[in-house]
Amino acid sequence: SRSASTSCKSERKEKTRTTMSDKAEVDAERDDYQVSKKVTVDQIMTMDTEDESLRKYKESLLGQAAKTVYAPKDDPRRVVIVELRITCEGRPGGDIVYKLETKESVEKLKEEPFTLKEGCNYKIQVTFRVQHEIVSGLKYVNSVTRKGIRVGKDELMIGSFAPQAEPHAMSFPRVGWEEAPSGMLARGSYKAKSQFIDDDKAIHLEYEYAFDIKKDWNAAD
């Protein structure tokens, strides 16, 4: 879901930002990095079953997934976007909210652009759910284009998640606000693609969206 954030500071300079939480994640970018073997929740829970303290630790770590793995039979997806929310300071009408649990609503998202007033403070929140199996080293990658030219790319490591019915929410930026660019050159229409990629480069979730930078919230251009 960082969306509009990178888009527009300048069309003349591309900006790439990568946030990593620790050395292991940085090592993942090296050619000789070996991805750790994937294990299921059931495999984790059956390891070292004679150690009571370890069992309790695993239950606290996995949460509800330690007892019941959330795995809807009619939906094989491992990462599902539930909602995309854009919060803007001073925007009439409050937050912009897209409900996206169905594949059809995700496809329709790119046809329903939202508007940012130039210079406004805003943030984007992505709510998603993990199901079936643990997803390790999940990374959020967002690319923004204007008139077919990429003007920004952001990468953010967000962590590992066990399958559970309760969704997770991540805000970008995590602290504070992003400031929309301003000026005649920044105004216009943008397209973006967001991906959720795990540590073995499997793409679990991908969606496209669009937005406009305008002089005012309801400006014609």
Side-chain angles (χ1 to χ4, degrees), residues 1-17 19 77 79-129 138-156 158 167-197 203-221:
S1 134
R2 261 179 330 196
S3 38
S5 59
T6 17
S7 52
C8 340
K9 296 284 183 183
S10 168
E11 288 186 67
R12 295 168 295 179
K13 182 178 180 182
E14 180 177 313
K15 176 175 61 175
T16 300
R17 223 176 287 157
T19 302
R77 294 175 296 173
V79 181
V80 178
I81 184 168
V82 176
E83 180 185 276
L84 180 68
R85 178 180 296 266
I86 301 92
T87 301
C88 309
E89 284 190 333
R91 179 184 181 275
D95 294 351
I96 304 163
V97 181
Y98 297 94
K99 298 293 185 180
L100 300 171
E101 287 201 71
T102 67
K103 295 178 182 179
E104 292 75 19
S105 61
V106 174
E107 281 296 316
K108 192 177 179 181
L109 175 62
K110 59 186 176 184
E111 302 170 4
E112 300 178 344
F114 59 87
T115 296
L116 293 176
K117 177 184 176 181
E118 60 176 5
C120 74
N121 288 330
Y122 73 97
K123 65 178 63 179
I124 293 179
Q125 178 177 285
V126 178
T127 302
F128 63 97
R129 183 172 58 247
L138 199 61
K139 179 169 64 175
Y140 171 78
V141 179
N142 190 73
S143 297
V144 179
T145 61
R146 185 179 185 189
K147 298 178 181 178
I149 299 173
R150 190 171 76 177
V151 296
K153 181 180 179 181
D154 281 327
E155 297 184 9
L156 182 67
I158 57 178
H168 306 276
M170 299 294 299
S171 293
F172 310 99
R174 286 178 169 173
V175 179
W177 298 87
E178 188 76 18
E179 182 180 344
S182 58
M184 185 174 63
L185 292 178
R187 296 176 206 144
S189 298
Y190 296 81
K191 295 180 180 179
K193 176 185 286 188
S194 293
Q195 296 175 313
F196 284 69
I197 306 173
I203 299 174
H204 290 288
L205 173 63
E206 184 175 78
Y207 58 91
E208 298 178 36
Y209 63 96
F211 61 95
D212 299 318
I213 300 291
K214 296 186 177 182
K215 192 171 184 178
D216 208 342
W217 296 112
N218 298 312
D221 51 31

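Note that this is a predicted model, so its numbers are computed, not measured.
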A.B. asks: Does E208 pair with K191 as a salt bridge, N-O distance under 4.0 Å?
C.D. replies: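 A salt bridge is absent here (no side-chain N lies under 4.0 Å from a carboxylate O).
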
A.B. asks: Just do the side chain to side chain contact (heavy atoms under 4.5 Å, CB included) check on V126 and L84 with the steps written out, would you?
C.D. replies: CA-CA 5 Å; V126 178; L84 180 68; 3.8 Å; yes

A.B. asks: Applying side-chain contact (heavy atoms from CB on, under 4.5 Å), can you list everything that pairs with K99, at least two apart in sequence or on another chain?
C.D. replies: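 Partners of K99 under the side-chain contact (heavy atoms from CB on, under 4.5 Å) test: E83, V97.
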
A.B. asks: E89: which residues meet the salt bridge (Lys or Arg N to Asp or Glu O under 4.0 Å) condition with it, sequence neighbours left out?
C.D. replies: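 Salt bridge (Lys or Arg N to Asp or Glu O under 4.0 Å) list for E89, sorted by chain: empty.
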
A.B. asks: Run the side-chain hydrogen bond (donor to acceptor under 3.5 Å, both in side chains) test against H204 and tell me which residues pass, sequence neighbours left out.
C.D. replies: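 Partners of H204 under the side-chain hydrogen bond (donor to acceptor under 3.5 Å, both in side chains) test: D198.
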
A.B. asks: What are the two closest non-hydrogen atoms of E179 and G119, and how far apart are they?
C.D. replies: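 For E179 versus G119, the nearest heavy atoms are CG-O, 3.8 Å.
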
A.B. asks: Enter the distance from I124:CD1 to F211:CZ here, rounded to the nearest 0.5 Å.
C.D. replies: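 Nearest 0.5 Å value for the CD1-CZ distance: 7.5 Å.
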
A.B. asks: Specify the closest pair of heavy atoms between R77 and E101, including all atoms of both residues, with the distance to one decimal.
C.D. replies: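 Scanning both residues completely, I find the closest heavy atoms to be NH2-O, 3.1 Å.
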
A.B. asks: State, with a plain yes or no, whether a side-chain heavy atom of Y190 is found less than 4.5 Å away from one of L116.
C.D. replies: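 No, side chains not in contact.
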
A.B. asks: Please identify each residue that fulfils side-chain contact (heavy atoms from CB on, under 4.5 Å) with S182, with sequence neighbours left out.
C.D. replies: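 Partners of S182 by the side-chain contact (heavy atoms from CB on, under 4.5 Å) criterion, ordered by chain and then number, come out as E118.
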
A.B. asks: In Å and rounded to the nearest 0.5 Å, what is the CH2 to OG distance from W177 to S171?
C.D. replies: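 It is 9.5 Å, given to the nearest 0.5 Å.
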
A.B. asks: Excluding sequence neighbours, so at least two apart, what forms salt bridge (Lys or Arg N to Asp or Glu O under 4.0 Å) with R91?
C.D. replies: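 Expected list: none.
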
A.B. asks: Can you tell me how far the CZ atom of F114 sits from the CD1 atom of I96, to the nearest 0.5 Å?
C.D. replies: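 Going from the CZ atom of F114 to the CD1 atom of I96 covers 6.0 Å.
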
A.B. asks: Can you check whether F196 reaches I81 side chain to side chain, under 4.5 Å on heavy atoms?
C.D. replies: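 Of all side-chain heavy-atom pairs linking I81 with F196, none is under 4.5 Å.
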
A.B. asks: Taking all non-hydrogen atoms of both residues, which atom of S143 and which atom of K153 are closest, and how far apart?
C.D. replies: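 Distance-wise, the nearest heavy atoms are OG-CG, 3.8 Å.
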
A.B. asks: Identify each donor-acceptor pair in which a side-chain atom of residues 106-113 lies under 3.5 Å from a protein atom, sequence neighbours left out, and give them as a table.
C.D. replies:
none

A.B. asks: Applying salt bridge (Lys or Arg N to Asp or Glu O under 4.0 Å), can you list everything that pairs with D212, at least two apart in sequence or on another chain?
C.D. replies: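 Here no residue qualifies.
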
A.B. asks: Give the ring-plane orientation class for H168 versus F128, where under 30° counts as parallel, over 60° as perpendicular and anything between as tilted.
C.D. replies: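 Rings of H168 and F128: tilted, 30 to 60°.
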
A.B. asks: Report yes if the side chains of I197 and E155 come closer than 4.5 Å at any heavy-atom pair, otherwise no.
C.D. replies: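 SC-SC contact between I197 and E155 ruled out.
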
A.B. asks: Once you round to the nearest 0.5 Å, how far does OG1 of T115 lie from CG of N218?
C.D. replies: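 Reported to 0.5 Å precision, the distance equals 8.0 Å.
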
A.B. asks: Taking only residues two or more places apart in sequence, or in another chain, which ones meet K117 in a side-chain contact (heavy atoms from CB on, under 4.5 Å)?
C.D. replies: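 Once residues adjacent in sequence are excluded, the partners of K117 under the side-chain contact (heavy atoms from CB on, under 4.5 Å) criterion are C120, D216, W217.
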
A.B. asks: How far apart are the closest heavy atoms of P181 and I213, and which atoms are they?
C.D. replies: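 That closest heavy-atom pairing would be O-CG2, 4.0 Å.
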
A.B. asks: To check you understand the geometry: which heavy-atom pair defines the closest contact between K123 and P173, and what is its length?
C.D. replies: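 Looking at all heavy atoms of both residues, the closest pair is CB-CD, 4.1 Å.
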
A.B. asks: What's the separation between atom CD1 in I158 and atom CG in L138, rounded to the nearest 0.5 Å?
C.D. replies: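 Rounded to the nearest 0.5 Å, the CD1-CG separation comes to 4.0 Å.
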
